[in-house]
Q: 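Got a structure for you, questions after.
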Amino acid sequence: MIEDEHTDDLVRSLVALSLLAERAIRRYRGHAGSPEWDKGGERARAYLSLDEDETAELLDELEEALHDDQ
């Protein structure tokens, strides 16, 4: 869906962001991997214009924010 140019940009953005959020939540819960991220993470990163380092930094920041809210 992320690569489907006929899908509205808002929907594509929401799908990409939901994959990123799901990955962050799984990391927060101590899971090493994420099946959904494994399937669509590269496409989500590309759509959001994030390289691997930027994605890792963003996931670290999200995990910190989740820990700070406890």
Side-chain angles (χ1 to χ4, degrees):
M1 179 176 286
I2 292 172
E3 294 173 335
D4 181 0
E5 294 178 12
H6 298 293
T7 301
D8 187 88
D9 284 339
L10 178 59
V11 173
R12 294 164 66 189
S13 294
L14 288 173
V15 169
L17 289 170
S18 70
L19 285 167
L20 190 62
E22 191 266 346
R23 178 66 187 114
I25 290 167
R26 288 191 55 84
R27 278 182 54 171
Y28 170 74
R29 291 185 176 164
H31 300 286
S34 167
E36 294 302 318
W37 184 258
D38 292 344
K39 287 190 273 185
E42 288 298 315
R43 285 183 226 110
R45 278 191 327 97
Y47 185 79
L48 297 170
S49 300
L50 296 171
D51 64 27
E52 287 185 33
D53 291 337
E54 292 168 323
T55 303
E57 185 177 324
L58 183 56
L59 287 169
D60 289 343
E61 290 174 11
L62 287 169
E63 189 172 2
E64 279 182 38
L66 290 170
H67 281 290
D68 288 346
D69 285 345
Q70 288 186 347

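These numbers come from the heavy atoms of this one structure, side chains and all, not from hydrogens, waters or symmetry mates. Computed from a predicted structure; not experimentally measured.
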Q: To the nearest 0.5 angstrom, please state how far the CD atom of Glu63 sits from the CZ atom of Arg26.
A: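 Reported to 0.5 Å precision, the distance equals 13.0 Å.
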
Q: Within a strict 4.5 Å, meaning less than it, do heavy atoms of the Asp60 and Arg27 side chains meet?
A: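 Touching, per the 4.5 Å side-chain cut-off.
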
Q: Only counting residues at least two apart or in another chain, list the ones meeting salt bridge (charged side-chain N to carboxylate O under 4.0 Å, His left out) with Glu54.
A: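 Partners of Glu54 by the salt bridge (charged side-chain N to carboxylate O under 4.0 Å, His left out) criterion come out as none, since no residue qualifies.
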
Q: Considering all heavy atoms of both residues, which atom of Asp53 and which atom of Asp51 are nearest to each other, and what is their separation?
A: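 Nearest heavy atoms, Asp53 then Asp51: N-OD1, 3.0 Å.
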
Q: Give a yes or no on whether Tyr47 and Leu14 share a hydrophobic cluster (residues Ile, Leu, Val, Met, Phe, Trp, Tyr; joining criterion: side-chain heavy atoms under 4.5 Å apart).
A: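 As far as the 4.5 Å side-chain criterion goes, Leu14 and Tyr47 are not connected within one cluster.
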
Q: Under the criterion side chain to side chain contact (heavy atoms under 4.5 Å, CB included), I'd like the reasoning laid out for Leu20 against Leu59: C-alpha separation, chi angles, the key distance, then a yes or no.
A: CA-CA 8 Å; Leu20 190 62; Leu59 287 169; 3.9 Å; yes

Q: Does a side-chain heavy-atom distance below 4.5 Å link Ser34 with Lys39?
A: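 No; the side chains remain at least 4.5 Å from each other.
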
Q: Looking only at heavy atoms, what is the nearest atom pair of Arg12 and Ile2, with distance?
A: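 Taking Arg12 first and Ile2 second, the nearest heavy atoms are NE-O, 2.7 Å.
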
Q: Which atoms form the tightest heavy-atom contact between Val15 and Met1, and what is the distance?
A: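 Scanning both residues, the minimum pair turns out to be CG2-SD, 3.6 Å.
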
Q: State, to 0.1 Å, how close Leu19 and Ala44 come at their nearest heavy-atom pair, and which atoms those are.
A: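 Looks like CD1-CB, 3.9 Å.
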
Q: State, yes or no, whether a side-chain contact exists between Trp37 and Arg45 at a heavy-atom distance under 4.5 Å.
A: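 Heavy-atom side-chain distance check passes, below 4.5 Å.
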
Q: Please round to the nearest 0.5 Å and tell me the distance separating atom CG of Leu62 and atom CD1 of Ile25.
A: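 Between atom CG of Leu62 and atom CD1 of Ile25 there are 9.0 Å.
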
